[in-house]
Amino acid sequence: MRLRRAEEIEAAIAHPPTGLSAALICGPDSGLVSERADALAAAIARDPNNPFDVARVGDGLSGVDSDLLEHELTSLSLMGGRRLVRLRFRPDAPAATDRAAAALERHLGEAFNPDAFLLIETGHLRSGSGLLRLAEASKQCLAIVCWEQDAGEIVRLIRQRLAEDGLRISPEALDALAVRLPQDRALAQRELERLILFFGPGLPRPISEPELDSFWGAESDVSLSQAALAAFGGRLEAALAALRKAERAGEGGVAALRALGMHLLRLRRVGALSRAGADAKAALRSGGVFWKDEADFRRQLRAWTGPGLDRAQAELLTADRQCKRPGAVDHLIAQRVTLAIAARARRLGL
């Protein structure tokens, strides 16, 4: 069954209807998809992090392993609670939606463990998708599409997140911040977390628009964004220069890796929206691409395809783990990964 109004969605997630055995949460706002999926998982499973009750299939990057999915749906909970199977996949992966639809249809027909709950998380599905139609037609399955936030939702998110840390914001600064924040909920949340760290929780006065300008203009943050843009654009010297500038301002390797990861996420997101038929300008704005960087970003979109981004993301995750080891020289690790990405970008013709 398809839920459309935010109030209905929130109520169903907090208190899943009786007889529900599956849910499909999808849409272009990947951050909201993850947030709602996590909330529903917490309502279904006694402990959503317990591997004996919860099985995770897929990493959100690859396709659907039908054999593994069926095995997990057939298995019983080892702790006696309701079994939750979370399937994450990229909708443009080969045959992924067809395999997910086939598994969902069999699960709704009680071919597997009838006490299992199948939670499917993916990106934007076209209106004619068989998976989406199947979820919408069944009373045993929730179908929730997470569209990008409109201006009112972004304003509510800002106020709510700042209030949690005792921060207020002036009307002028609120308007300016709402315009600058990306529409993707996950990206917007990360920017708000940086904002809270910048001003510190419990600021005794509302954040003003000039103070907000100082946040956007923080030199180290700008340098790291420039380093990521330069790296994925194949400009080795510029990337290293921006990294060193950020290091002098006190930023370490972990922050540099985070900036690279954010840029990679933007490439994925804007590329997915473009392939789904979104207007080029709207897709770039949704990804939070600065207008001065749009031409460079478009060139990178044409060169960096799925396999290249998958490889770069795996390298970033490995580097992040290396940085957290005792005695790690994090800025050197970040430099090495940055150079590797820039060298690969050059080989791609950038």
Side-chain angles (χ1 to χ4, degrees), residues 3-11 13-14 27-36 38-39 144-226 228-229 246 249-251 255 258-259 262-263 265-266 269-270 273 278-294 297:
L3 300 181
R4 300 179 186 276
R5 294 191 297 114
E7 297 81 2
E8 289 180 334
I9 292 171
E10 291 171 6
I13 288 175
D29 191 332
S30 58
L32 190 54
V33 168
S34 297
E35 186 175 308
R36 284 175 168 168
D38 287 343
I144 300 171
V145 180
C146 300
W147 300 106
E148 293 169 344
Q149 305 172 102
D150 59 25
E153 289 171 333
I154 291 176
V155 166
R156 285 192 292 274
L157 174 63
I158 293 170
R159 286 178 170 153
Q160 175 188 341
R161 187 64 189 86
L162 294 184
E164 289 173 1
D165 284 274
L167 288 170
R168 293 171 296 146
I169 188 168
S170 71
E172 298 78 15
L174 178 62
D175 290 342
L177 181 57
V179 170
R180 289 289 299 270
L181 280 183
Q183 290 178 299
D184 181 275
R185 194 174 180 91
L187 295 175
Q189 290 273 24
R190 291 191 184 101
E191 288 297 299
L192 290 172
E193 287 167 8
R194 290 198 311 108
L195 183 81
I196 291 165
L197 289 172
F198 183 82
F199 288 103
L203 189 71
R205 63 181 184 285
I207 299 169
S208 67
E209 190 172 7
E211 288 176 318
L212 193 63
D213 290 339
S214 69
F215 163 73
W216 292 120
E219 185 177 20
S220 60
D221 178 64
V222 171
S223 298
L224 290 177
S225 297
Q226 291 170 344
L229 181 71
E251 290 287 2
R258 189 179 303 118
M262 289 286 289
H263 190 83
L265 181 60
R266 286 191 177 97
R269 175 169 181 74
V270 176
L273 290 173
D279 174 77
K281 280 283 187 183
L284 289 166
R285 185 184 182 280
S286 177
V289 180
F290 188 45
W291 66 270
K292 288 185 178 180
D293 300 330
E294 287 182 0
F297 197 89

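When a residue number appears, it is its place in the shown sequence, counting from 1.
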Checklist line | Under the salt bridge (charged side-chain N to carboxylate O under 4.0 Å, His left out) test, residues paired with Arg5 that sit two or more places apart | finding: Glu7, Glu8

Notebook entry, point to check: What residues form a salt bridge (charged side-chain N to carboxylate O under 4.0 Å, His left out) with Glu164, not counting sequence neighbours?
Noted result: Arg161

Checklist line | For Phe199, all residues meeting ring-ring contact (aromatic ring centres under 6.0 Å, His included), sequence neighbours excluded | finding: none

Checklist line | By side chain to side chain donor-acceptor pair (under 3.5 Å) - contacts of Arg4 (at least two apart) | finding: none

Notebook entry, point to check: Ala255: what forms a side chain to side chain contact (heavy atoms under 4.5 Å, CB included) with it, not counting sequence neighbours?
Noted result: Leu224, Glu251, Arg258

Check: Among all residues two or more places apart in sequence or in another chain, which pass the side chain to side chain contact (heavy atoms under 4.5 Å, CB included) test with Pro201?
Finding: Asp165, Ile196

Student check: side-chain heavy atoms of [X] and [Y] closer than 4.5 Å:
X: Leu212; Y: Leu195; answer: yes
X: Ile144; Y: Val33; answer: no
X: Glu172; Y: Leu177; answer: no
X: Glu211; Y: Arg205; answer: yes
X: Ile9; Y: Ile13; answer: yes

Next item on the list: Taking all non-hydrogen atoms of both residues into account, name the closest pair between Leu32 and Trp147 and its distance.
Entry: CD2-O, 4.1 Å

Next item on the list: Of all the heavy-atom pairs spanning Ala259 and Ala228, show the shortest one and how long it is.
Entry: O-CB, 3.7 Å

Note to self: Can you tell me how far apart CG (Leu174) and OG (Ser170) are? Round to the nearest 0.5 Å.
What the structure shows: 8.0 Å

